[in-house]
Amino acid sequence: MKFIPYGSQYIDSKDIQSVVKTLKKDKITTGSEVNKFEKKISAFLKCKYSTTCNSGTSALYLSLLAINVKKNDTIIMPTINFVSSYNLAKILGANIYLADVDKKTGQMSPKNVDECCKRFNIKKVKAIIIMYNSGYPQNAEKFIKLKKKFKCFLIEDACHAFGAEYKFKGSNLKIGSCVHSDISTFSMHPLKTITTGEGGIVTTNSKKLDEKIKKIRSLGIQKSNKKHWEYDVKYPGFNFRLNDFQCSLGISQLNKVKRFLKYRKKIADKYNKQLKNIPDIAIPIHLKEYISSNHLYLINLKIPNYKKKEKLIKYMLKNKIILQSHYIPIYKFNLYRGKQHLSYNTQIYYNSTISLPIYYNLSSKEQNYIINLINKFFKSIL
Ligand SMILES: Cc1ncc(COP(=O)(O)O)c(C=O)c1O
């Protein structure tokens, strides 16, 4: 039996054909597929502008550069996060504060941001970066008040949340539509909703931000309209481009996105149904207003206990199932140890939360095997 990972990509013959087709074209980078993919992303998410780039990390970096984050600017983000946002803000010299999170979902709420501002006497904020841990877009519409209060930028690190939606005034809005934010960023790493191998997307409704993001993605170059050999440099930038065959893969993956999301939901529903009676654990309780992309499936130990969490991970590993912990709080890393943070709930979340396998290729038989083992584990430790 092969190991069952916590996440994996799904690539079919259509994906392969579309990549091969593009590889045979004259232009395999900066060609028409990039534009085509970006248009399709904008149509799917219902935003004005999309920019593809080579990773979720570069999507975040483009966002921070576009809003002009400088040395000593204040940025607030959650303690529970992949390390990209913190690293990038650090590189830019920002003054970073980590707000506490919900002890079950691992997500920062507007209240957590308020508490953080009070505790550290923060009066001026350049940007708040939200992260929808697991793809559940908790409070997506609620941060706008803070944006108005601080006149700051609101960036959604939506790397988990491609396809997630929230209800607002009777309609369903997609994360990435940027109705309640300035910028959203996505990753197309193989474990995410759709993949381009590696890849990222930035979305916005601001023409100004979009122009800047697109320029910085490509070394800040402004091409001349008249002479093809002439160009100017408008911003110091990078080569963060996604190439044409990756964009072809993205288009082909996007054609399957509804199927991907539906299947992920089916897996989550089955876990919910079959794990809900285990007394030691709590399954995720999602509000109707927030529709998850089900990037991760998180369970919480009812009594937080890091030793028990580790025991379960090791037990499952012995049985060839790889569980995961999303995430180690940022302030625990050697490099960032003890930096400005609030962490009462974070510690509870970290000691109690475990990710179970969830992905399109996970078979029903494999999921039954996982569920049976989890049941067995908790019966044996009672
Ligand atoms: C929340 C979050 N932010 C940022 C990233 C970075 O994305 P990438 O790996 O594509 O650079 C990830 C990827 O795992 C992520 O989960």
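Both counts, for ligands and for their atoms, begin at 1 and track the order of listing.
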Once you restrict both partners to nitrogen or oxygen, which atoms of ligand 1 have a protein partner under 3.5 Å, and how far apart are they?
| residue | atom | partner | partner atom | Å |
| --- | --- | --- | --- | --- |
| ligand 1 | 3 (N) | D157 | OD1 | 3.2 |
| ligand 1 | 3 (N) | D157 | OD2 | 2.8 |
| ligand 1 | 10 (O) | G56 | N | 2.7 |
| ligand 1 | 10 (O) | S187 | OG | 2.7 |
| ligand 1 | 11 (O) | G56 | N | 3.3 |
| ligand 1 | 11 (O) | T57 | N | 2.9 |
| ligand 1 | 11 (O) | T57 | OG1 | 2.6 |
| ligand 1 | 14 (O) | K192 | NZ | 2.8 |
| ligand 1 | 16 (O) | H160 | NE2 | 2.9 |
| ligand 1 | 16 (O) | Y327 | OH | 3.0 |

- [ ] For residues D12 and D15, determine if any side-chain heavy atom of one lies less than 4.5 Å from a side-chain heavy atom of the other.
- [x] yes
Open item on the list: Whether K320 engages the ring of F3 as a cation-pi pair (distance to the six-membered ring centre under 6.0 angstrom, angle to the ring normal within 45°) should be assessed.
Closed with: yes
Between [X] and [Y], is the gap from one ring center to the other below 6.0 Å?
| X | Y | value |
| --- | --- | --- |
| F238 | Y61 | yes |
| Y6 | Y297 | no |
| F44 | F162 | yes |

- [ ] Using modelled atom types only, decide if a donor and an acceptor are shared between the side chain of N112 and the backbone of A99 within a distance under 3.5 Å.
- [x] no
